[in-house]
Amino acid sequence: MKYYSLHHQSPEVSFETAVVNGLAPDKGLYFPESIRPLSTDFIRQLKSYSHAEIAYEVINQFVGDEIPEAVLKQIAAETVDFDFPLVKISDSVYSLELFHGPTMAFKDVGARFMARCLGYFNREKKNQKVTVLVATSGDTGGAVANGFLGVEGVDVIILYPSGKVSGIQEKQLTTLGQNITALEVAGTFDDCQDMVKRAFMDESLKSVTLTSANSINVARWLPQMFYYFFAVRQLEDLSKSIVFSVPSGNFGNICAGIVASKLGLPIAHFVASTNLNDIVPNYLASGEYKPKPSKPTISNAMDVGNPSNFIRIQQLFGNNFDQLKKHFSAYSFTDAQTREAMKILYEDKGYIADPHGAVGYLGLKKHIQNNADTTGIFLETAHPVKFLEEVEKTLNLKIPIPVQIAAVMHKPKTSIRISTYEELKGVLLGNNVNEESDNPC
Ligand SMILES: *Cc1c(COP(=O)(O)O)cnc(C)c1O
């Protein structure tokens, strides 16, 4: 499969190049040159395929012959090696739980797939390590660290703002060791992000092969299609039209869902549910796209002021505003509304949602008000334990700590404290030197 840049100023590239480079040289996001629908038989028979088989069928055309069939099947199987339960909340409302992976956030799927693809592409380039550089405000770091742990030929460097991620999130980043290095930055998430951006532009770092592992990378973005198929596969009644509500920040997840519908999955409508960071809801209402600085909320993985994947969504609807509005809605909710939804879900339905899932539930309810005859699915993107304090305080309960989390809580933290870009550069260059000294020649 070939990928082109959405800025149209760079040449088309292979899947491998798109994965290794992350972003095109013209700074545009990569986009697949074609999307070929899957056979209607496959879609109709979803129940007769395993998760691993579905993942392989869905991703195959986007990789093409760049990874041998047997290897891609293995990668697909390992990527989705946990549960994706669809939990019934009421007659026509379901929660798709995406938090049963190793770090209990949906980002596990994309991170695991990308890590294994990079590992394959680097299998023979032992001296040319790839360094994955990523800034995190919480969830991305843990999923990336876990997904890439032990992958040969790949070093991972994660920058996180000191004192500004939760205790659990910090443990998930700093206790793994091996090829994972955590840099604890004296500053904010924006400072971490700025340092990462500067490193990607820095000519004096040319000797280091850097790539990113956020949802701009096609290998992290596209596997998110899988769980839309897994959800539909679990529905008993397919007579009503299906609507997905996706709690959205950078809009990579919902954008993957739209690709799934282009592959023939019967999804009638998408609802993007956001917190107060309402750039996309405003755009749909006014026709004007105005990025703003992000505002802090209790659903902080969605505190994004300029969603990077929205340009891909526009491309999927042919850059046609009316087409977009026909199949896609977006609503924004306050923290107070989010807490209220968490309480309603718990008190009326006995369901504990995290703040992100609760925002997804709110968007779905709003859509269903005017579209009664639908089956609605909201994505529950993180386990409530990842937002422990907020959930326990709002619902007045204690959440038992799951095994995945308990396993890291007692491990010692290892991080390198930095405060300047020069220090980051030192780590990146030092890393490279170490590799060379490891080489027996
Ligand atoms: C990253 C994240 C989101 C937002 O996903 P996007 O693909 O950036 O829209 C939502 N919820 C949780 C828990 C997340 O970690």
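All ligand and atom numbering here is 1-based and tracks the order in the structure.
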*asked:* Is it the case that the side chain of His7 and the backbone of Gln9 share a donor-acceptor pair, with hydrogens and angles ignored and the cut-off at 3.5 Å?
replied: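 Not confirmed, His7 side chain does not pair with Gln9 backbone.
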*How are the rings of His356 and Phe387 set to each other: parallel, tilted or perpendicular (split at 30° and 60°)?*
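His356 vs Phe387 ring planes: tilted.
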*Can Pro247 be said to touch ligand 1, with heavy atoms closer than 4.0 Å?*
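Yes; Pro247 lies near enough to ligand 1 that a heavy-atom distance drops under 4.0 Å.
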Check whether any N or O atom of [X], backbone or side chain, sits under 3.5 Å from an N or O atom of ligand 1, and answer yes or no.
{"X": "Phe251", "answer": "yes"}
{"X": "Asn250", "answer": "yes"}
{"X": "Thr381", "answer": "yes"}
{"X": "Gly249", "answer": "yes"}
{"X": "Asp139", "answer": "yes"}
{"X": "Phe106", "answer": "no"}

*Numbering the atoms of ligand 1 from 1, which are under 4.0 Å from a heavy atom of Ala382?*
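So the answer, numbered in order with elements, is 13 (C).
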*Number the atoms of ligand 1 from 1 as they appear, then name those within less than 4.0 Å of a heavy atom of Gly252, with their elements.*
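Counting atoms of ligand 1 from 1, those under 4.0 Å from Gly252 are 6 (P), 7 (O), 9 (O).
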Could you verify whether a donor N or O on one side chain and an acceptor N or O on the other, from [X] and [Y], lie under 3.5 Å apart?
{"X": "His269", "Y": "Ser329", "result": "yes"}
{"X": "Ser95", "Y": "Tyr351", "result": "yes"}
{"X": "Asn146", "Y": "Thr103", "result": "no"}
{"X": "Asn217", "Y": "Ser212", "result": "no"}

*asked:* Please work out, at 4.0 Å between heavy atoms, whether the side chain, the backbone, both, or neither of Lys386 comes within that distance of ligand 1.
replied: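 Neither part.
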*For ligand 1, note which part of Met302 has a heavy atom under 4.0 Å away: side chain, backbone, both or neither.*
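It is the side chain that gets close, since no backbone atom is under 4.0 Å.
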_Residue that, paired with Tyr421, satisfies side-chain hydrogen bond (donor to acceptor under 3.5 Å, both in side chains) out of Asp202, Asp194, Asp191_ =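 Of Asp202, Asp194, Asp191, side-chain hydrogen bond (donor to acceptor under 3.5 Å, both in side chains) with Tyr421 is met by Asp202 alone.
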*Please work out which of Lys107, His356, Arg220 has its closest non-hydrogen atom nearest to atom 14 (C) of ligand 1.*
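Selected option, by shortest heavy-atom distance: Lys107.
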*Considering all heavy atoms, the nearest Thr274-Ser248 contact*: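 Heavy atoms of Thr274 and Ser248 come nearest at CG2-O, 4.0 Å.
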*Report yes or no: is the cationic atom of Lys262 (NZ for Lys, CZ for Arg) under 6.0 Å from the centre of the six-membered ring of Phe317, at an angle within 45° of the ring normal?*
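That pair qualifies as a cation-pi contact.
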*What protein heavy atom sits nearest atom 7 (O) of ligand 1, and how far off is it?*
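That would be Asn253 N, 2.9 Å.
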